[in-house]
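One structure is given here, and the rest of the page talks about it.
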2 protein chains.
Amino acid sequence: MSDQKNTSDTRERILDIAERLFMDNGYEATSMRAITSAAEVNLAAVNYHFGSKEALLCEVFRRRLTWLNHQRLQALDKLEAQAAGAPLKPSQILEAFFGTLLRMGEDPSLGGMTFLRLLGRTLTEPAEFIRTFFAGEYAQVIDRYKRALFRALPDVPKAEIVWRLHFMLGAMSYAIAGTDVLQVVTGCEVGDLAGEGGCDDPADTVLARRLAERLMPFLLGGLRAPLPQFKQQEPSSKTV
Amino acid sequence: MSDQKNTSDTRERILDIAERLFMDNGYEATSMRAITSAAEVNLAAVNYHFGSKEALLCEVFRRRLTWLNHQRLQALDKLEAQAAGAPLKPSQILEAFFGTLLRMGEDPSLGGMTFLRLLGRTLTEPAEFIRTFFAGEYAQVIDRYKRALFRALPDVPKAEIVWRLHFMLGAMSYAIAGTDVLQVVTGCEVGDLAGEGGCDDPADTVLARRLAERLMPFLLGGLRAPLPQFKQQEPSSKTV
DNA sequence: CTAACATCAAAACGAACGTTTGAACGATGT
DNA sequence: ACATCGTTCAAACGTTCGTTTTGATGTTAG
């Protein structure tokens, strides 16, 4: 029973607990003492294994995001191989990008809805180290998907596509964050989106699936919406 | 020169500075000492005028949100009066709700983009007192607009409309937050969305207008997107 | 004039923060 | 057996946090 306890047990337990506490309270409002005591490890364990609180947050994301973005690139590779040079359909691209993410919400071993909520809530954090971390973690995948969308929508100005990708990311980010401060969704047939103190599994799996079913058509509708009337061409086009 | 300095000068200066610092750093990462020293007031001034740091944040929002939501209700009143009992067009409803907000970004006396960014970044904060505050501040306006959308889209299931309203709020929230951690928009022809350390006016006014021009068609396209195929009626069918 | 209010500087409050230290522990390899 | 290395531990480090207090100084209104 002391098989691989050596190098991974404490680390992994810290990451799991930190993931949940950062999601519940946010980064700044979650103390090292809260993390280490909830994980039943020594206070110094985080600094020993990760170096600092900032590095811990980055590692919480890295262990999920590298896998996720690898999957996203593979999904796009597969689609483009099947298309044999032809442009992809926008729905395929969105499915590869957002579907791959949302399916993580159904699998607790990939973080489940806890990680999705944490991701959605952290994407709007203003802290510098978070933004640079995400920028690096997402650079490649965003670039690939942007180019795929450019090819899929050759008649839409590229700047417009970039804007709409931004809007789609926002709708997704807010939806998976599940804070719902305005109580729009809470109380409907849907049930609560948050489920703050619960376990991992019970209704989160079905919630993730319902969310995907509703979000994907919305995003596709937004992406393909009629262009604003003021668009004739891109004027100076400094995007050489 | 001692005209109305009495009851408003210190209070207003604290609110202005707090609005900017909360936007730049987030609530938790902004200290009372940073606020009071930047506002050039005594450290005790915040507690004297507002009672606590939490109450200060609420007041920062209240002085803008009560006006905003009043305008939103008035805009809806006017539209419904003109329609004389007929259902409104979805585009009218979205214009009244989102247009009224986005136009605040063009007016520095209403907070400008600083307030819009702060709002977008705070809507996903998990802190309890923030969520209950927003819930109360938005309850009436959300209810009115939800009912207007129900009437405007009688063939769409109400639960679906609620979901899409949620998605629209997310896209708007993320867009006005302007964090853009994934660097989707940054570097394009658009210029930077954030402009962290700048003044109020220079490019924020035009940015707010461009944002509105792009966001509104996107939201409308998402709202009117085809329904997911699995909708015949709402079954109980919890997929046991 | 008086009383109430607003602002100030300065200091302190206890609490909580992230991080560091140095010793002890337990397995491993020679 | 001893030495080594990675890990864990209790305890303390210095700092910063939000808040309160005290007393003095204008300023305003009855």
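So you know, we letter chains A, B, ... as the sequences are listed, proteins then strands, and number each from 1.
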If I take atom [atom1] in residue [X] and atom [atom2] in nucleotide [N], what distance separates them, rounded to the nearest angstrom?
X: B/N42; N: D/dG26; atom1: CG; atom2: P; answer: 16 Å
X: A/R11; N: D/dT7; atom1: CZ; atom2: C1'; answer: 13 Å
X: A/I14; N: C/dG18; atom1: CD1; atom2: P; answer: 14 Å
X: A/D9; N: D/dT7; atom1: CG; atom2: C1'; answer: 12 Å
X: B/I35; N: D/dC17; atom1: CD1; atom2: P; answer: 11 Å
X: B/L56; N: D/dG18; atom1: CG; atom2: P; answer: 11 Å
X: A/F22; N: C/dG18; atom1: CZ; atom2: C1'; answer: 12 Å
X: A/N47; N: D/dG14; atom1: CG; atom2: C1'; answer: 15 Å

At under 4.0 Å, does any side-chain N or O of [X] touch on OP1 or OP2 of [N]?
X: A/Y48; N: D/dG6; result: no
X: A/T10; N: D/dT8; result: yes
X: A/H49; N: D/dG6; result: no

Base, sugar-phosphate, or nothing: which does [X] touch, judged by heavy atoms less than 4.0 Å apart?
X: B/A45; result: nothing
X: A/V46; result: nothing
X: A/T30; result: sugar-phosphate
X: B/E40; result: sugar-phosphate

- Message: If you assign A/A34 and A/G51 each to the DNA chain C nucleotide with the nearest heavy atom, which residue ends up on the more 5' nucleotide?
- Response: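 Counting from the 5' end, the first nearest nucleotide belongs to A/A34.
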- Message: Students often mix this up, so state it plainly: with edges at 30° and 60°, are the rings of B/Y145 and B/F97 parallel, tilted or perpendicular?
- Response: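 Correct class here is perpendicular.
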- Between A/F61 and A/F133, how do the two ring planes meet: parallel, tilted or perpendicular, split at 30° and 60°?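 A/F61 and A/F133: tilted rings.
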- Query: Can we call the ring centroids of A/Y174 and B/F167 under 6.0 Å apart?
  - Reply: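 For A/Y174 and B/F167, the ring centres are not under 6.0 Å apart.
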- Item | Short side-chain donor-acceptor distance under 3.5 Å, A/R121 and B/T124 |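 Their side chains do not contain a donor-acceptor pair, so the 3.5 Å distance test is not met.
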- Query: Which atoms form the tightest heavy-atom contact between B/Y27 and B/K53, and what is the distance?
  - Reply: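 Distance-wise, the nearest heavy atoms are O-NZ, 3.1 Å.
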- Among D/dA10, D/dT19, C/dT19, which is the nearest nucleotide to the side chain of B/K53?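 Among D/dA10, D/dT19, C/dT19, the one nearest the side chain of B/K53 is D/dT19.
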- Give the nucleotide from the list C/dC17, D/dT21, C/dT19 with an atom nearest to the side chain of B/A44.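 It is D/dT21.
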- Task: Please figure out whether A/R33 or B/E54 has its closest DNA chain D nucleotide nearer the 5' end.
- Result: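 Nearer the 5' end of the strand: A/R33.
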